[in-house]
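First up is the structure itself, then whatever we jot down about it.
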Amino acid sequence: MEKQQSDLERERQYCELCGKMENLLKCARCRNSFYCSKEHQKQHWKEHKLTCKEADKTHHPKQKPEPEQPPGDAKAPDKCPKKNRPEQANTGASLPQTTNAEPQAPGEQPAEEGSNNTATPNGQTSSSPQKLATEYVIPCMNKHGICVVDNFMGEEIGLSILEDVKALHKTGRFTDGQVVSQKSDSTKDIRGDKITWVDGKEPGCEKIRLLTTRMDDLVRHCNGKLGNYAIFGRTKAMVACYPGNGTCYVRHVDNPNGDGRCVTCIYYLNKDWNVQEHGGLLRIFPEGKSQVADIEPKFDRLLFFWSDRRNPHEVQPAYATRYAITVWYFDADERARAKEKYSTGAGEKGVKVELGKPSDPS
């Protein structure tokens with residue numbers, strides 16, 4: 001019961017002072033607010049003490065008023081507060097059959113069906129995709145527009161996906177990433193990653209297909225409850241590699257012009273990654289907020305965020321090989337409008353027609 005209550009707490013995702021999402025600590029008194037350090041807790045106390053006192057009265061109505069000091073050191077919560085997620089998020093989905101509801105644009109894939117098997121590769125029991133979607137992903141996305149799920153595939157399958165990606169990289173299929181509305185000779189000044197597009201049916205990409213199947217399974221359980229979107233399909237998987245040497249991607253928006261993409265979904269494959277040494281941090285600048293959200297590209301981490309202008313973001317310089325797999329999910333109405341606009345020649349100047357292969361990866 002206590003674990004159930006902990007999983008249902010979705011109200012705080014950021015450090016109250018700076019908005020950092022990594023390594024958060026819980027306020028020892030109210031247990032509703034989080035901080036990235038003791039120093040930020042102290043700096044924020046003047047503002048936080050009012051709400052902290054109210055929460056403290058609710059939890060402990062008979063206690064005497066607390067002194068005008070921060071309530072001791074913030075303590076690490078039982079479950080990571082920045083995510084409020086089950087420790088294991090593996091759906092255990094089997095390889096599904098693809099169903100095409102309508103003709104697809106190049107690279108466009110339907111959201112696939114999958115099973116609700118809750119066994120992880122290690123035989124442990126985990127939350128079902130439905131529970132993960134309902135209790136965490138949906139409320140987190142609707143409140144913050146950003147959602148992080150760790151341990152998504154599990155160690156064993158995560159490593160096998162990484163091996164598929166490394167083998168794919170060695171084939172020489174990766175090419176320079178492109179940018180919408182930019183000339184090719186200026187692209188390298190904006191982004192330094194190498195990419196290739198796969199649907200998972202290619203030889204040696206079976207584990208990548210398993211990953212996208214499980215992504216689809218989770219997103220399907222969110223469908224109809226993520227904002228006002230009706231998700232009907234997605235792009236192929238874009239496998240990206242930042243080869244180190246300070247390669248980066250400057251601040252940008254994935255979908256600035258209404259091309260149909262509503263949710264960006266990124267899976268990271270970087271074992272033992274240390275941002276202080278390796279760099280490669282993804283920094284999101286949520287629209288209308290003074291905080292930033294810093295996402296470390298850790299192994300077996302899944303990230304969701306709105307693809308439009310609400311989430312400008314950048315990939316900071318990477319000094320080691322950095323791998324990620326990204327798919328973009330489409331909203332049915334926006335996608336239909338975009339197809340009509342571009343097919344009639346009414347699209348904005350410089351926007352590519354090949355919407356199924358978006359060129360703003362993260």
So, taking the atom named [atom1] in [X] and the one named [atom2] in [Y], what distance separates them when rounded to the nearest 0.5 Å?
X	Y	atom1	atom2	value
T326	M238	OG1	CE	4.0 Å
T264	Y329	OG1	OH	11.0 Å
W197	I195	CH2	CD1	5.5 Å
W306	N311	CH2	CG	9.5 Å
I146	I284	CD1	CD1	4.0 Å
K131	H221	NZ	NE2	14.0 Å

Do I266 and F305 pass the side chain to side chain contact (heavy atoms under 4.5 Å, CB included) test, and can you show the C-alpha distance, the side-chain angles, and the key distance before you say yes or no? CA-CA 9 Å; I266 309 175; F305 58 88; 3.8 Å; yes
I want to check a possible cation-pi pair here: K298 against Y268, using under 6.0 Å from ring centre and within 45° of the ring axis as the test.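 No; the conditions do not both hold, so K298 does not lie above the ring face of Y268.
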Does the Lys NZ or Arg CZ of R251 fall within the cation-pi geometry relative to F285 - under 6.0 Å from the ring centre and within 45° of the axis? yes
Tell me, with the steps shown, if V148 and R301 meet side chain to side chain contact (heavy atoms under 4.5 Å, CB included). CA-CA 7 Å; V148 177; R301 168 170 285 180; 3.5 Å; yes
Give me the one residue out of Y242, Y323, W273, Y319 that meets ring-ring contact (aromatic ring centres under 6.0 Å, His included) with H278. W273
Using modelled atom types and a 3.5 Å cut-off, is there a donor and acceptor pairing between side-chain atoms of [X] and backbone atoms of [Y]?
X	Y	value
N142	K225	yes
T247	G244	yes
E340	A338	no
R322	G280	yes
D331	Y229	no
N151	G154	no
N257	D259	no

Taking the six-membered ring for Trp, is the centroid-to-centroid distance between W45 and Y35 below 6.0 Å? no
Derivation of the side chain to side chain contact (heavy atoms under 4.5 Å, CB included) call for D176 and K194: CA-CA 5 Å; D176 291 339; K194 306 283 186 178; 2.4 Å; yes
Is K201 salt-bridged to D199, going by a charged N under 4.0 Å from an acidic O? no
Pair K207 + E156, salt bridge at N-O below 4.0 Å: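 No, no charged N to carboxylate O under 4.0 Å.
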Nearest heavy-atom neighbours spanning [X] and [Y]:
X	Y	value
I295	L281	O-CD1, 3.5 Å
A237	I325	CB-CG2, 3.9 Å
L168	T171	O-OG1, 2.5 Å
R234	F330	C-CE1, 3.5 Å
C241	T321	SG-CG2, 3.6 Å
V263	S307	C-OG, 3.0 Å

Please examine the side chains of [Y] and [X], heavy atoms only from C-beta on, and report whether any two atoms are closer than 4.5 Å.
X	Y	value
H144	K289	yes
E314	V250	no
Y267	I161	yes
V239	D164	no
P129	V219	no
K271	E155	yes
P256	R309	yes
F299	L159	yes

Worked check of salt bridge (Lys or Arg N to Asp or Glu O under 4.0 Å) between K341 and E334: CA-CA 10 Å; K341 180 168 65 174; E334 184 179 316; over 6 Å; no
Should we count CG of N245 as having more than 12 external heavy atoms under 6.0 Å?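 At most 12 heavy atoms, drawn from other residues, nucleotides or ligands, come within 6.0 Å of this atom.
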Checking salt bridge (Lys or Arg N to Asp or Glu O under 4.0 Å) for the pair D217/R214: CA distance, chi angles, key distance, verdict? CA-CA 5 Å; D217 198 22; R214 292 185 181 174; over 6 Å; no
Member of D254, D308, L226, I231 meeting the side-chain contact (heavy atoms from CB on, under 4.5 Å) criterion with C262: I231
As a test of understanding, state which of L269, T196, L211 forms a side-chain contact (heavy atoms from CB on, under 4.5 Å) with V165. L269
Which word best sums up how the rings of H169 and F174 line up, parallel for under 30°, tilted for 30 to 60°, or perpendicular for over 60°? tilted
Any chance you could lay out the side chain to side chain contact (heavy atoms under 4.5 Å, CB included) test for H313 and H252, step after step, and finish with the verdict? CA-CA 6 Å; H313 53 283; H252 66 284; 3.2 Å; yes
